[in-house]
Engineer: 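Got a structure here, written out as structure tokens. Questions coming.
Every chain is numbered from 1 and lettered A, B, ... according to where its sequence line falls, protein lines coming before strand lines.
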Number of protein chains: 2
Amino acid sequence: MRGRGPWWHDRFQEYGWRITPSREIIMDVLHNTKEHINASDIYIKAHAMNPAIGLTTVYRTLEMLEKTGMVQKFDFGDGMARYELINNPGAKDHHHHLICMNCKRIIDYTEFIDDEIDFIEKTQSKLSKKYNFKIAGHMINFYGLCEQCSKAMA
Amino acid sequence: MRGRGPWWHDRFQEYGWRITPSREIIMDVLHNTKEHINASDIYIKAHAMNPAIGLTTVYRTLEMLEKTGMVQKFDFGDGMARYELINNPGAKDHHHHLICMNCKRIIDYTEFIDDEIDFIEKTQSKLSKKYNFKIAGHMINFYGLCEQCSKAMA
DNA sequence: TTTATTATTGAAAATGGTTTTCATTTGCAA
DNA sequence: TTGCAAATGAAAACCATTTTCAATAATAAA
Ligand SMILES: [Mn+2]
Ligand SMILES: [Mn+2]
Ligand SMILES: [Zn+2]
Ligand SMILES: [Zn+2]
């Protein structure tokens, strides 16, 4: 019988990964986190649920999730990587980012995403042909000043 | 009389920066580098021209150039930042990137950039309004497998 | 030109996110 | 139940980048 346990158990089994308490909790944290969270914050939340968990395991689990495309890793340039579940039930829809160069705030936006995806797909197929490059995903970031910061500077 | 010395002397003076041998060489390296180069490689090239230069100064100069928008800093997620001169005579035109997830190769492309910029500008003005966000620039990356890597995997 | 001010410098040490090592534990197939 | 490779956490190592600090040098002022 299928469907027992969280949705990701099947995925783990597909990949031959063991289902361990640490991994259960890390998945739980990722699943219940709205924003792009960093390893240290995942560790803090996970550790609160079970102090036996180590930061090392957080990193190891994230790496494994990233390599199979269950998680997307972001490098916004503020010194630490951030992670988001993708292509999974319960994951945020695909979105792009506005990044404040002053306070480092990151805004997710999905407003015009359909138009963007449309456009991206066209570009993508042109690029694939021209460079024989197999495109699996993309990342679009806008950099600038958020409302608060531009007010503060006025 | 204007126009003496390299183009960036004026810019430095505008900002009140002193023109030093180290900075001359670092600008020279940036100017003569086609790809997105990292700090360490800049240091190696600069050091070859003048062994008195220190890596610290490379970092400091890059930070200063980045903050005034003469250089764009990229974080492609491979553990070190990369830099490119922008908005300057002799700088590469604005372009976007294809990043191989396997070998980390980075391909600059400018082919369809005009259409992209067009599109980006529209999105940008919509986003600015919606989020009161002052957009200064953007970054578009496609992730996937380069020709060599996808052949190697076949 | 000389001088005074202060930005800039490089070496060395510190920082901090991430990875590696390694001895121990544990999931799970048989 | 057992056997064993996979997984674990603590501690150490790694390594790109930043900070510290005393010495030096670019430039404005005299
Ligand atoms: Mn996001
Ligand atoms: Mn480039
Ligand atoms: Zn801000
Ligand atoms: Zn490749």
Side-chain angles (χ1 to χ4, degrees), chain A residues 4-6 8-27 29 36-68 71 73-83 104, chain B residues 4-6 8-27 29 36-68 71 73-83 104:
Chain A
R4 295 260 188 69
W8 48 269
H9 278 199
D10 289 349
R11 294 283 223 112
F12 273 46
Q13 273 164 5
E14 264 177 53
Y15 295 125
W17 298 337
R18 293 181 180 175
I19 292 166
T20 70
S22 294
R23 287 173 177 175
E24 301 249 28
I25 289 178
I26 292 169
M27 287 307 291
V29 170
H36 13 253
I37 191 171
N38 63 48
S40 165
D41 287 347
I42 293 172
Y43 170 69
I44 289 169
K45 290 192 183 189
H47 195 260
M49 303 191 208
N50 178 355
I53 289 181
L55 179 57
T56 312
T57 298
V58 171
Y59 276 108
R60 277 191 289 230
T61 304
L62 287 170
E63 188 188 8
M64 149 186 125
L65 291 168
E66 194 214 344
K67 281 196 176 148
T68 53
V71 148
K73 181 181 182 182
F74 293 90
D75 241 306
F76 291 124
D78 62 342
M80 55 200 166
R82 290 159 191 280
Y83 304 84
K104 311 296 179 192
Chain B
R4 294 261 188 68
W8 50 268
H9 277 199
D10 289 349
R11 294 282 222 112
F12 272 46
Q13 273 164 4
E14 265 177 53
Y15 296 124
W17 298 337
R18 293 180 180 175
I19 291 164
T20 69
S22 294
R23 287 172 177 176
E24 301 250 26
I25 289 178
I26 292 168
M27 287 307 291
V29 170
H36 12 254
I37 190 171
N38 63 47
S40 165
D41 286 347
I42 293 172
Y43 170 71
I44 289 169
K45 288 192 183 187
H47 196 259
M49 302 189 208
N50 177 355
I53 288 181
L55 178 57
T56 312
T57 298
V58 171
Y59 277 107
R60 276 191 289 232
T61 304
L62 287 171
E63 186 188 7
M64 149 185 125
L65 292 169
E66 194 213 345
K67 280 196 177 148
T68 54
V71 148
K73 182 181 182 181
F74 293 90
D75 241 306
F76 291 124
D78 62 342
M80 56 200 166
R82 288 158 191 282
Y83 304 84
K104 312 296 179 193

Engineer: On DNA chain C, nearest-nucleotide positions of B:Arg60 versus A:Ile19: which is more 5'?
Structural biologist: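 This one resolves to B:Arg60.
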Engineer: What nucleic acid atoms does B:Pro21 come within less than 4.0 Å of, heavy atoms only: base, sugar-phosphate, or nothing?
Structural biologist: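 Counting heavy atoms under 4.0 Å across all strands, the contact made by B:Pro21 is with sugar-phosphate only.
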Engineer: For A:Leu55 and D:dA11, what is the distance between atoms CG and P respectively, to the nearest whole Å?
Structural biologist: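 So the two atoms are 13 Å apart, to the nearest Å.
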Engineer: Once you round it to whole Å, what is the distance between P of C:dT9 and NE2 of B:His47?
Structural biologist: 15 Å
Engineer: What is the distance, rounded to the nearest whole Å, between atom CZ of B:Phe74 and atom P of D:dT17?
Structural biologist: 15 Å
Engineer: Which word best sums up how the rings of A:Phe76 and A:Phe74 line up, parallel for under 30°, tilted for 30 to 60°, or perpendicular for over 60°?
Structural biologist: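 Ring orientation of A:Phe76 relative to A:Phe74: parallel.
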Engineer: How long is the line joining CD1 of B:Ile42 and C1' of D:dT17, in whole Å?
Structural biologist: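 Atom CD1 in B:Ile42 sits about 13 Å away from atom C1' in D:dT17.
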Engineer: Atom CD in A:Glu63, atom OG1 in A:Thr68: separation rounded to 0.5 Å?
Structural biologist: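 Answer for the CD-OG1 pair, A:Glu63 versus A:Thr68, is 10.5 Å.
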Engineer: Closest approach to the side chain of A:Tyr59, judged atom by atom: which nucleotide of C:dT18, C:dT6, C:dA11 is it?
Structural biologist: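 Side chain of A:Tyr59 sits closest to C:dT18.
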Engineer: Starting at CG of B:Asp78 and ending at P of D:dC15, how long is that distance when rounded to a whole Å?
Structural biologist: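 Atom-to-atom, B:Asp78 to D:dC15, this comes out as 14 Å.
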Engineer: B:Ile42 and side-chain contact (heavy atoms from CB on, under 4.5 Å): which partner among B:Ile37, B:Thr61, B:Ile25?
Structural biologist: B:Ile37
Engineer: State which of D:dA11, D:dA26, C:dT18 makes the closest approach to the side chain of B:Arg18.
Structural biologist: D:dA26
Engineer: Out of C:dT18, D:dA11, D:dT17, which nucleotide sits closest to the side chain of A:Met80?
Structural biologist: C:dT18
Engineer: Closest approach to the side chain of A:Ala39, judged atom by atom: which nucleotide of C:dT9, D:dT8, C:dT18 is it?
Structural biologist: C:dT18
Engineer: Is B:Thr20 touching bases, backbone alone, or none of the nucleic acid, heavy atoms closer than 4.0 Å?
Structural biologist: sugar-phosphate
Engineer: Between B:Phe12 and B:Arg18, what is the shortest heavy-atom contact and its length?
Structural biologist: CD2-O, 3.9 Å
Engineer: Just how far is it from atom CG of B:Asp41 to atom CZ of B:Arg82, taken to the nearest 0.5 Å?
Structural biologist: 7.5 Å
Engineer: If you find the nucleotide of DNA chain D closest to A:Ser22 and the one closest to B:Tyr83, which residue's nucleotide is nearer the 5' end?
Structural biologist: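 In this pair, the answer is A:Ser22.
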Engineer: Whole-Å distance between C:dA7 P and B:Phe12 CZ?
Structural biologist: 16 Å
Engineer: Return whichever of A:Val58 or B:Gly79 has its heavy-atom-nearest nucleotide of DNA chain D closer to the 5' end.
Structural biologist: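 Upstream on the strand: A:Val58.
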Engineer: What integer distance in Å separates A:Lys73:NZ from C:dG17:C1'?
Structural biologist: 10 Å
Engineer: B:Arg23 near the nucleic acid: base, sugar-phosphate alone, or nothing, with a heavy-atom cut-off under 4.0 Å?
Structural biologist: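 Sugar-phosphate only.
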Engineer: Tell me what B:Ser40 touches on the nucleic acid: a base, only sugar-phosphate, or nothing, going by heavy atoms under 4.0 Å.
Structural biologist: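 No contact at all - B:Ser40 keeps every heavy atom at 4.0 Å or more from the nucleic acid.
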Engineer: I want to verify a distance call: between C:dT8, C:dT18, C:dT9, whose nearest atom is closest to the A:Ala81 side chain?
Structural biologist: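 So the side chain of A:Ala81 is nearest to C:dT18.
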Engineer: In whole Å, what is the span from the CE atom of A:Met64 to the C1' atom of D:dA7?
Structural biologist: 10 Å
